[in-house]
Amino acid sequence: MAKRAVREDGREDGRLLPVVPALADLLPGGGLRRGSTVVVHSSTSLLFGLLAEVTVAGGWVAVAGVPALGVAAAAEHGVVTSRMALVPRPGAEYPAVLAALLDGVDLVVTEPRSVKADVARRLSARARHRGAVLFSLGHWPGADLELHCTPGPWTGLHGHGAGHLRTRPVEVHVRGRGAAARPRSAEVLLPGPGGHVARAGKSAGREEAAG
């Protein structure tokens, strides 16, 4: 599988990969920086929101060591699943499998679980060298960017639990290193109308006080 060059007009030398508009102003430069390591805490819906636009633009995503990740759920959140490769259980060859995927795919998703710190650092270095984005669903040593969610109540229910779950407001908090050192947050709908991530009302990403 060859890595596809994914570019948007105005993205400086292709170093930024696109994300949905609802999340763009939370990220340095308005996109995913090639070569970075991104941690998404406790929200596969937010992860799918970050993956979707790259696959729509013709890029590839690979998921390794996350057997519970649902392809149907990814599709509901806008990920083009025909451009999604799955390696549910890479086993003892996990580091080698992840390194190979980082060589050839735009976005690589994994879970940290039993990954040793030195292995994690080597894989992040591989991502930097190859220009891939490494996503971890949980703590990853030396990550460039971390995203947390504070979920709100679902809409669509009324009375004694009758109705259909429709949208859910979520506060997304982003912090990291370098250009992302100043924490930012925004309220988004996750999911929004139609199942995709959307900005709640007219809220814009805002800086948080440094803690």
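Residue indices begin at 1 and follow the sequence shown.
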Heavy-atom closest pair, residues [X] and [Y]:
X	Y	answer
Val39	Ala143	CG2-CB, 3.6 Å
Asp144	Ser36	OD2-CA, 3.3 Å
Ala22	Val197	CB-O, 4.1 Å
Gly131	Arg15	CA-NH1, 4.4 Å
Leu46	Ser43	N-OG, 3.0 Å
Pro28	Leu16	O-CD2, 4.1 Å

Query - Cluster link Val80 to Leu17, ILVMFWY, side chain under 4.5 Å - result: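 No.
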**Report entry** Arg130, Arg34, Arg83 screened by side-chain hydrogen bond (donor to acceptor under 3.5 Å, both in side chains) with Asp106, the one that passes
**Finding:**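 With Asp106 as partner, Arg130, Arg34, Arg83 yield a single side-chain hydrogen bond (donor to acceptor under 3.5 Å, both in side chains), made by Arg34.
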Starting at [atom1] of [X], measure out to [atom2] of [Y] and round the result to the nearest 0.5 Å.
X	Y	atom1	atom2	answer
Leu26	Leu147	CG	CG	7.5 Å
Leu69	Leu86	CG	CG	7.5 Å
Leu47	Leu51	CG	CG	4.0 Å
Arg168	Leu190	CZ	CG	9.0 Å
Leu145	Leu32	CG	CG	8.0 Å
Leu27	Arg33	CG	CZ	11.5 Å

Query raised in the report: Please, which pairs that meet ring pair (Phe, Tyr, Trp, His ring centres under 6.0 Å) have at least one residue in residues 97-151, sequence neighbours excluded?
Result: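 For residues 97-151, and leaving out neighbouring residues, the ring pair (Phe, Tyr, Trp, His ring centres under 6.0 Å) pairs sorted by first residue read His41-His148.
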Requested in this report: Determine, step by step, whether Val54 and Val56 satisfy the side-chain contact (heavy atoms from CB on, under 4.5 Å) criterion, reporting the C-alpha distance in whole Å, the side-chain angles of both residues, the deciding distance to 0.1 Å, and the verdict.
Outcome: CA-CA 5 Å; Val54 172; Val56 169; over 6 Å; no
Query raised in the report: Are Val170 and Leu189 close enough that some pair of their side-chain heavy atoms sits under 4.5 Å apart?
Result: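 Side-chain contact under 4.5 Å: no.
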Query raised in the report: Can you tell which of Val38, Thr110, Leu101 makes a side-chain contact (heavy atoms from CB on, under 4.5 Å) with Leu134?
Result: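 So the option named by the test is Thr110.
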Requested in this report: Quickly, which of His173, Glu146, Arg175 forms a side-chain contact (heavy atoms from CB on, under 4.5 Å) with Pro183? Name it, please.
Outcome: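 Of the listed residues His173, Glu146, Arg175, the side-chain contact (heavy atoms from CB on, under 4.5 Å) partner of Pro183 is Arg175.
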Requested in this report: Would you please name every residue forming a side chain to side chain donor-acceptor pair (under 3.5 Å) with Arg126, sequence neighbours left out?
Outcome: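 Partners of Arg126 under the side chain to side chain donor-acceptor pair (under 3.5 Å) test: Asp103.
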Report task. Output, in order, the C-alpha distance, side-chain angles, deciding distance and verdict of side-chain contact (heavy atoms from CB on, under 4.5 Å) for Val61 and Val108. Result -> CA-CA 6 Å; Val61 56; Val108 177; over 6 Å; no
Query raised in the report: Is the shortest distance from a Lys or Arg side-chain nitrogen in Asp25 or Arg199 to a carboxylate oxygen in the other one below 4.0 Å?
Result: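 Yes, this pair counts.
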Query - Set of side chain to side chain contact (heavy atoms under 4.5 Å, CB included) partners for Pro90, sequence neighbours left out - result: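 Applying side chain to side chain contact (heavy atoms under 4.5 Å, CB included) to Pro90 gives Val87, Tyr94, Val97.
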